[in-house]
Amino acid sequence: MEKIRLDKYLADMGQGTRSEVKKWIRKGAVSVNGETVKSPEYKVNCPSDQVSIQGRQVQYEKFEYYMLNKPAGTVSAREDSKEPTVLDLIRSKKRKDLFPVGRLDKDTEGLLLITNDGALAHDLLSPKKHVDKTYFVQLLKELKEEEKEQLEKGVDIGDEKPTLPAEVIFSEKKDQVYITIREGRFHQIKRMFHAVDNQVVYLKRVSMGSLKLDEKLLPGDYRVLTKEEIEGLREHA
Ligand code: URA
């Protein structure tokens, strides 16, 4: 069982800043297992103790996991002084230590996992684990069969090494493809198509490892991951 200071417990769960929640506690607004506790340093047994503010129960969550359909125009960062970030879109977040797992370019849409589970994020992003990422790509012009084969074998994108083998599947038209890569280099998809003399005009990530973008989510929408989705990611990573 984990023990957490009462003021940290409440601040972690988005109930206010550390000093705000300390005031609530000292005023007698907070109870643990039905008994008023006025000391912010009181150690809560997590998850068995029941903590309430003015009779409203506050459940502790060590980790939060959200699937976001990132809209174009947002940056994949925790904070930015000029641009809206992907974290600004997660309105129901409790924890302040959430971050996006990996980056999508500002103009890229699609699947982004947002969590504070550092170990899972590390595994999903580790170059050694080769977690599959699939993107839908709208190209400027049709992709030829031999260019598709080149991309599948690996192309020189100006780095030390060519890209690892990828999988490319045509969508309905020859200028629309699904591509699966197992790396995460900077602007990788755009650079790969540039290497075969084409250009990405629209890019959307549709899956990462076992996690698939929920088609019901419009750009800018998000939802909490299911237990099965979290387990699936852990197994995959
Ligand atoms: N590759 C890119 O070029 N951009 C992204 O956002 C993701 C992969």
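These numbers come from a predicted model, not from an experiment. Note: hydrogens, waters and symmetry copies are ignored here, and every other heavy atom, side chains too, is used. In listed order, ligands and their atoms are each counted from 1.
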Side-chain donor-acceptor pair present, Tyr222, Ser92, cut-off under 3.5 Å: yes
Sub-4.0 Å heavy-atom environment of ligand 1, residues by chain: Leu104, Asp105, Thr108, Tyr135, His187, Gln188, Ile189, Lys190, Leu203
Asp197 vs Lys141, salt bridge (Lys or Arg N to Asp or Glu O under 4.0 Å): CA-CA, chis, key distance, verdict: CA-CA 9 Å; Asp197 195 29; Lys141 53 188 186 184; 3.6 Å; yes
Exercise: do Asn33 and Asp49 side chains pair donor with acceptor under 3.5 Å: yes
Between Tyr202 and Glu109, a side-chain donor and acceptor under 3.5 Å: yes
Non-neighbouring partners of Asp214 that pass side-chain contact (heavy atoms from CB on, under 4.5 Å), sequence neighbours left out: Met67, Lys216, Leu217, Arg223
Cluster overlap Leu211 with Val101, hydrophobic side-chain contacts below 4.5 Å: yes
